[in-house]
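Worksheet: one structure, shown below.
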Amino acid sequence: MKLRIVTWNINSIRLRAPLLARLAELWAPDVLCLQETKVEDSRFPHALAESLGYRHRLVHGGKAYNGVAILSRLPLAECERLSFGGLADHRHLSCRLCGDIELHNLYVPAGGDLPDPEQNPKFRHKLELLDTFTAYFAAREDVDARLLLVGDLNIAPLAADVWNHRALLKVVSHTPVEVERLMRLMQAFRFWDTVRLRRPPPERLYTWWSYRARDWARSDRGRRLDHIWIAPALLPAFKDSGILREARGWPRPSDHVPVLAEFEIGD
DNA sequence: ATGGTAGGTATCCTA
């Protein structure tokens, strides 16, 4: 069977309900991982998700900030809401699907403006959460596990992941210290970056464009902050990936666009 | 070099 998985920082699921429907129709993901749902669990729009065919849901949100969710057409098992000592509060979900596929949906803190962990607690939090995940995956001995790590990681690792590499070296999201931390996380389980498997550098690819640009498409000053990573064991099943750039031009858009990966899963 | 917009919430925080 084909498995289509999408990650999207939706920036308020309640405000973006019509766009969620549009995405469901256009890309028909089997599993939809959302970040920045910005809604308490008790007020999550379950009826909307149900109406789009997502009968299986795992939600973890709080008032106003952060919040993650997994909407699925397939049953989810071993659902967990890990907090890692408060570092990942309302920022992480994991579950198992299609038998042995283990999915992690992660929302890494943006990290504030100043790229200095001593002076900026938000940046420190960002680095600490990345290190916590690195330790978590590095400690695992089941190196053949079929892991998927998706989400808004709030870091653009490659020079081709930002509109101007040199200009962004001092801008949080593309500083060498963050990129190095992200690479360490990637190496902890030998993850592969699915989007770059299909479209390697130097092609420029972005998944986020600031709301502050006068014309996001014309200036095209984007960054690739949203990722779908797979463990080596999932590499043979990987078929395709993509970025739904046009979603940035939808009415009242999120500043992030959906990212897709498709797999052929044996029965 | 600067400031620009958006969402949720409550008069400001985060992104």
Taking ring pair (Phe, Tyr, Trp, His ring centres under 6.0 Å) as the cut-off, I'd like each qualifying pair that reaches into residues 140-166 of chain A, sequence neighbours left out, listed once.
A/His165-A/His174
Excluding sequence neighbours, so at least two apart, what forms side-chain hydrogen bond (donor to acceptor under 3.5 Å, both in side chains) with A/Arg81?
none
In whole angstrom, give me the gap between the P atoms of B/dG3 and B/dG8.
26 Å
Which residue lies toward the 5' end of DNA chain B, A/Asn154 or A/Thr37, if each is placed at its nearest nucleotide?
A/Thr37
Where along residues 214-222 of chain A does a heavy atom come under 4.0 Å from DNA chain B, residue by residue in number order?
none
What class does the angle between the rings of A/Trp229 and A/Phe191 fall in, given that below 30° is parallel, 30 to 60° is tilted and above 60° is perpendicular?
tilted
Check ring-ring contact (aromatic ring centres under 6.0 Å, His included) between A/Phe44 and all other residues, then give those that pass, not counting sequence neighbours.
A/His46
Members of residues 244-256 of chain A that approach DNA chain B, where some heavy atom sits under 4.0 Å away
A/Arg252
Taking only the C1' atom of each, what is the distance from B/dG4 to B/dA15 in whole angstrom?
14 Å
Nearest-0.5 Å distance, CZ of residue A/Arg55 to CG of residue A/Leu52:
14.0 Å
Pairwise 5' ranking along DNA chain B for A/Ala213 and A/Gly62, keeping only the more 5' one:
A/Ala213
Sequence neighbours excluded, the answer for ring-ring contact (aromatic ring centres under 6.0 Å, His included) partners of A/Phe84 is A/His92, A/Phe133, A/Tyr136
If you look only at pairs with a residue in residues 235-245 of chain A, which of them pass as a side chain to side chain donor-acceptor pair (under 3.5 Å), with sequence neighbours excluded?
A/Arg198-A/Asp240, A/Asp220-A/Arg245
Which pairs with one or both residues in residues 57-77 of chain A pass salt bridge (charged side-chain N to carboxylate O under 4.0 Å, His left out), sequence neighbours excluded?
A/Glu50-A/Arg57
Going by the rule salt bridge (Lys or Arg N to Asp or Glu O under 4.0 Å), which residues pair with A/Glu118 if we only count those two or more places apart in sequence or in a different chain?
none
Which part of the nucleic acid, if any, lies within reach of A/Arg223 when heavy atoms closer than 4.0 Å are counted: base, sugar-phosphate only, or nothing?
nothing
Atom P, compared across B/dT9 and B/dT14: separation rounded to whole Å
15 Å
Need two values: the first and the last nucleotide of DNA chain B, 5' to 3', having an atom under 4.0 Å from any heavy-atom of chain A.
B/dG4 to B/dA15
Salt bridge or not for A/Arg146 and A/Asp100, using N-O below 4.0 Å?
yes
Hits for salt bridge (Lys or Arg N to Asp or Glu O under 4.0 Å) against A/Arg221, two or more places apart or cross-chain, chain-then-number order -> none
Charged N-O contact under 4.0 Å between A/Arg96 and A/Glu102
no
Step through the shown structure and confirm whether more than 12 heavy atoms of other residues, nucleotides or ligands are within 6.0 Å of CZ on A/Arg204.
yes
Mind checking A/Arg16 for me? I need base, sugar-phosphate or nothing, with any heavy atom below 4.0 Å counting as a touch.
sugar-phosphate
Ordered by number, residues from residues 164-178 of chain A within less than 4.0 Å of DNA chain B (heavy atoms) are none
